[in-house]
Amino acid sequence: MAKRRIAFYLMTVPALLLFFTFHTFPAIQGIFYAFTNWDGFSESYDFVGFKNFVNIFKDENVINSYVFTFKYAIVVTILINVLSLLIALGLNAKIKFKNFFRGVYFLPNILSVLIVGFIFNYLFSNVFTIWGAKLGSEFLSQNILGNADWAWIGIVIVAVWQGIAFNTILYLAGLQTIPRDLYEASNLDGAGKFREFISITFPLLASFFTINMVLAMKSGLMVFDQIIALTGGGPGRSTQSIALLIYTGGFQGGEFAYQSANAVIYFIVIIVISALQLKFLQKREMDM
Amino acid sequence: MMRKATNWTITVLIALGSLLILFPLYMTISIALKNPEEMALSIFSLPTGLHFENFRNAIEATNFFNALKNSMVITISSVVFILLTNSMVAYAIARNMKDKFFKVLYFYFISAMFIPFQIIMLPVVKVTTDFHMNNIVGLIILYVVYGLAFNIFVYVGYIRSIPIELEEAATMDGASTWGTYWKIIFPLLAPISATIGILSCLSTWNDFMLPLILLGDQNSYTLPLVQYVFQGQFGTDFNLAFASYLLALTPMVIVYLFAQKWIIGGITQGAIKS
Amino acid sequence: MMKKVIKPFLAGVLAISLLSACGNNGNSEGASGDKVQIEFFQNKAEAKATFDKLITKFNEANPTIKVTQVNPPDAETVLKTRVAKKDIPDVVGIGATDTYSTLSKSGLFEDFTNDPLIKNIQPAYLDMLKSMTGLTEMNGIPFSTNANGVIYNKAIFKELNLTIPKTWDEFIAVAQKVKDSGQNAFYLTLKDAWTTLPMFNPLESNIVGLDFFAQRAAGTVTFKDTYREVAEKQLKLLEFAQKDVFGKGYNDGNTAFAKGESAMYMQGVWAIPEIQKANPAIELGVFPFPSTNESTKNKLVSGVDTLLTVAKSSKHKEEAKKFVAFLTQPDNVKQYISEQKAFSAVTGVTQDDASVTDLKESFESGNLIDFADHYIPAGMKVETIFQEFLQKKDIDAYLTKLDTEWDKVTDRK
């Protein structure tokens with residue numbers, strides 16, 4: 001028995017050490033630097049207490065990046081979930097070429113986010129503008145990514161185009177777990193399609209809905225690749241996400257410590273949101 | 001069960017929707033095959049003469065095969081080590097949940113799912129430097145280690161649904177803990193390992209941020225990183241740029257064409273089981 | 001069954017990883033075979049091909065050394081990341097920017113103060129570097145210099161019978177004439193934030209002057225009180241540009257100007273090779289940006305475009321310096337500046353290209369002034385502030401923002 005225990009320790013302790021070294025330790029280091037004024041490359045630094053944290057709350061750029069990131073993440077989460085649920089319902093219906101279409105809708109998920117971003121960057125400036133001009137619309141004939149008020153919509157479009165793939169497959173998996181006879185019973189009652197969805201399909205999909213909301217929200221809050229490829233955070237700083245701000249500020253702006261403080265605050269925000277999201281969605285799941 | 005007739009309205013809607021998915025990819029292929037003169041005539045039309053020289057130039061400019069090799073080494077090694085090690089850690093945890101050490105360990109690992117990468121992004125560069133890990137091997141280690149959080153969560157759930165009697169029988173027959181894991185548990189994990197393998201493979205292959213901050217030597221750049229690096233040099237030559245994008249996307253698309261059923265099946269299975 | 005497949009597979013993977021590990025170690029040790037590996041990191045995408053030619057020449061002449069070029073996008077960020085990793089390239093070629101100045105102050109580069117190479121460099125550029133860093137050490141060798149002016153399409157100027165403007169009013173009159181003829185006077189590429197700088201630099205340097213930044217640091221002046229004229233002129237230029245100025249990037253601009261879509265293009269001379277690549281037949285010239293109405297006060301913005309320096313941490317300083325010395329040889333400088341349409345920091349090498357003859361006068365008379373944006377802390381990302389201002393067009397908010405951002409960034413140090 002002791003041998004068995006030793007084996008179990010041998011199985012886990014190396015992973016624990018590696019995980020601590022490359023995950024927990026850097027996280028602690030990040031928190032440590034948040035209280036200094038280190039720029040990332042100088043030999044020395046001083047402790048500055050909570051100065052960085054105080055400055056962050058006064059920093060318009062940081063606040064803007066939070067506003068943008070949350071606005072973006074919420075819109076993307078909602079759009080992705082609505083659209084992928086619709087597509088999943090369509091793919092689950094009695095249609096021709098079901099497997100082919102399923103394959104097509106999943107395709108974007110296997111592509112590199114960065115390269116898809118580069119492709120759309122070109123389409124936004126050289127293709128969609130031509131369509132806009134043909135429609136005779138002054139607004140649509142301009143590159144949406146160049147407009148400080150609307151550039152974020154462009155990023156949303158790309159994220160949704162790519163993001164629906166994975167959630168569609170998850171919803172489709174969920175739909176397949178619903179027994180057919182439930183529907184047949186409701187058919188006899190003469191229930192309408194919409195009522196059928198509200199009273200049978202959706203409640204049974206609840207756990208998939210929870211997972212999809214959490215996943216979409218999480219990737220929305222982390223958005224980085226799309227922005228590098230599409231706007232680089234511009235125009236101005238209008239599409240600068242929190243991740244991008246920490247990267248560029250931390251490495252380029254000589255603000256290693258300051259952005260570490262930003263990351264610490266971001267961490268706390270994520271924890272709070274995750275807790276709320278899980279609590280809220282799981283409670284609703286139970287109620288249904 | 002009654003057989004319903006094909007619903008044509010939905011078929012048409014789904015078909016239209018799939019055109020939206022395919023259009024950007026059609027544009028990518030067609031731009032990659034054109035030259036600037038053809039582009040000037042119409043960006044939408046099919047290419048008239050196939051300009052494969054775009055691909056030759058792109059391969060040369062980005063050192064495509066080297067990047068492909070790097071991406072393959074990183075992805076395959078990461079996935080293999082993730083499947084072997086993460087499942088083993090999960091096995092030890094799942095079978096000792098009554099023990100305080102393992103229980104704490106379980107929550108320690110999965111709590112990392114909530115830590116945004118940004119908080120470790122800056123310091124991890126320092127740590128990996130101290131270990132001389134700013135290279136492909138370092139990247140693989142990080143992928144395997146960072147995979148632990150999510151994968152242990154999934155694996156532990158799955159392993160606990162496997163009846164313990166199987167192992168007890170093996171132990172009676174004198175098998176060691178390692179042997180039990182390797183001969184009995186690991187094969188039983190195949191369905192969930194397929195799911196984890198597919199997900200890790202896709203995320204590693206397409207990852208951009210970790211290679212961006214970690215890799216110093218241009219010879220070890222991955223496919224997405226190479227596209228980023230050569231943006232500046234493509235300059236005004238969009239055909240060359242698109243040929244390069246297409247080349248970078250192609251390997252995974254080929255894999256997908258052949259293994260589509262298996263990939264989607266694996267994810268579907270994982271979703272239902274966990 | 002499973003075991004049979006997995007074991008050899010695993011062995012294979014291990015072997016591959018180990019091989020790549022060795023490969024990497026080999027490179028970082030700097031000795032693959034018996035050649036000394038020198039990494040040359042530079043920030044100009046436009047110059048990659050030219051440097052590659054020079055590197056080939058150097059490698060052929062020095063069979064024991066192998067120089068490789070690294071030229072990533074957003075190079076200054078990458079360089080700082082690598083500094084954080086203590087993985088500084090052997091030879092670095094960057095502009096005399098805030099990044100250079102910060103890294104020099106951190107003591108990362110070799111001191112060239114007593115290096116014989118310095119003797120061949122035009123003293124004006126050495127002074128520029130010194131006044132920028134505020135150090136007594138010379139941590140870099142100015143290699144090439146550039147100019148930031150107005151590139152114009154000679155055919156369009158001829159067709160509309162226009163002459164080169166010497167004052168701001170003449171400049172606006174020329175732009176108005178082009179606009180009246182139904183063409184675009186300027187092609188702006190404001191999707192790329194940095195392209196706001198070629199408009200800003202001449203305005204700031206000539207109207208306000210570079211002393212402003214030291215005074216601002218001392219707290220005796222503010223942007224709000226000093227920058228109104230600059231701001232108004234920045235906005236004025238927008239009236240004469242093409243449609244969708246915020247939707248177009250630098251590459252779009254080079255192609256469009258090459259196709260004759262605008263009469264003028266406010267860019268540095270570094271754009272000229274790119275434009276000529278898109279249309280080799282184009283006839284173009286460059287004139288100094290006339291910022292004010294006193295033509296004698298309008299100096300040409302010119303600064304150190306590339307300076308070469310060697311990392312203190314380099315394991316092969318001797319070879320690295322040999323490469324730097326090679327690049328600064330007059331014939332190589334000549335090749336570089338003629339391909340890049342740049343100017344030489346090395347004495348005795350002149351730029352004779354027809355496209356830049358209009359600038360010759362400024363260079364000969366020394367009527368030059370440095371890039372203003374190099375004096376602004378990089379952490380401010382000032383180009384994004386310009387970009388936002390040009391879109392929102394709110395002068396008061398803009399000037400306030402410049403002040404608050406400056407204070408914020410300097411307060412973090």
Side-chain angles (χ1 to χ4, degrees), chain A residues 37-46 48 51-52 55-56 58-62 64 121-122 124-126 128-129 132-133 138-139 141-151 154 228 230-238 240 245 247-259 261, chain C residues 73-86 88 98-99 101-103 105-108 188-194 196 242-249 251-252 255 377-381 383-392 397-398 400-401 404-405 407-409 411-413:
Chain A
N37 66 350
W38 195 43
D39 56 11
F41 38 83
S42 293
E43 294 288 320
S44 64
Y45 52 82
D46 301 313
V48 295
K51 187 176 153 199
N52 288 328
N55 282 340
I56 278 178
K58 291 191 294 193
D59 189 340
E60 204 188 314
N61 297 331
V62 175
N64 282 342
N121 193 352
Y122 178 85
F124 275 121
S125 80
N126 298 301
F128 299 157
T129 47
E138 178 68 21
F139 176 73
S141 64
Q142 303 198 0
N143 186 347
I144 190 173
L145 298 177
N147 187 314
D149 297 323
W150 294 102
I228 288 268
L230 290 166
T231 62
R237 287 178 184 253
S238 59
Q240 188 166 47
L245 177 62
Y247 170 73
T248 49
F251 287 126
Q252 177 188 38
E255 303 175 338
F256 195 100
Y258 182 70
Q259 293 303 343
Chain C
D74 201 0
E76 292 193 2
T77 305
V78 176
L79 185 61
K80 282 187 174 166
T81 318
R82 294 193 46 181
V83 170
K85 290 193 260 183
K86 299 211 164 46
I88 311 165
D98 182 61
T99 301
S101 146
T102 342
L103 296 181
K105 282 179 203 154
S106 307
L108 296 167
L188 297 183
T189 57
L190 304 182
K191 183 165 187 290
D192 289 330
W194 71 269
T196 56
Q242 89 283 8
K243 254 179 36 179
D244 197 13
V245 289
F246 299 101
K248 302 296 177 195
N251 286 332
D252 301 317
T255 324
M380 260 178 90
K381 299 207 89 176
E383 65 278 9
T384 63
I385 302 177
F386 297 149
Q387 198 186 25
E388 187 191 345
F389 160 58
L390 294 175
Q391 196 152 97
K392 299 263 154 83
Y398 163 59
T400 312
K401 187 158 191 176
T404 52
E405 289 291 310
D407 291 336
K408 217 166 69 188
V409 170
D411 186 42
R412 265 173 224 155
K413 302 247 154 123

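Convention: sequence-line order gives letters A, B, ...; per-chain numbering from 1. This is a predicted model, so every value here is computed, not measured.
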For C/Glu383, is it the side chain, the backbone, both, or neither that has a heavy atom closer than 4.5 Å to a heavy atom of chain A? neither
dist C/Lys381:NZ -> A/Leu245:CG (nearest 0.5 Å) comes out at 9.0 Å
dist A/Glu255:CD -> C/Lys408:NZ (nearest 0.5 Å) comes out at 8.5 Å
CG-OH distance between C/Asp252 and A/Tyr122, expressed to the nearest 0.5 angstrom: 9.0 Å
Would you say A/Asn61 and C/Glu405 make side-chain contact, with heavy atoms under 4.5 Å? yes
Atom pair CG/CZ of A/Asn143 and C/Phe246 - distance to nearest 0.5 Å: 12.0 Å
Side chain, backbone, both or neither: which part of A/Ile228 has an atom under 4.5 Å from a heavy atom of chain C? neither
With side chain to side chain contact (heavy atoms under 4.5 Å, CB included) as the criterion, how do C/Lys401 and A/Glu60 come out once you've worked through the C-alpha distance, each side chain's angles and the decisive distance to 0.1 Å? CA-CA 10 Å; C/Lys401 187 158 191 176; A/Glu60 204 188 314; 4.0 Å; yes
To the nearest 0.5 Å, how far apart are NZ in C/Lys191 and CG in A/Asn121? 4.0 Å
Atom group of A/Ser141 that falls short of 4.5 Å from chain C, counting heavy atoms: both
Nearest-0.5 Å distance that lies between atom OG1 in A/Thr129 and atom NZ in C/Lys243: 9.5 Å
Could you tell me which of A/Asn126, A/Asn147, A/Val48 has the largest number of non-hydrogen atom pairs under 4.5 Å with chain C? A/Asn147
Identify which part of A/Asp46 has an atom lying under 4.5 Å from any heavy atom of chain C, answering side chain, backbone, both or neither. neither
Do you see a donor-acceptor pair shorter than 3.5 Å between the side chains of A/Asp149 and C/Gln391? no
Checking heavy atoms, do the side chain of C/Lys105, its backbone, both or neither come under 4.5 Å from chain A? neither
Give a yes or no answer on whether the side chain of C/Glu388 reaches the backbone of A/Gly236 with a donor-acceptor pair at less than 3.5 Å. no
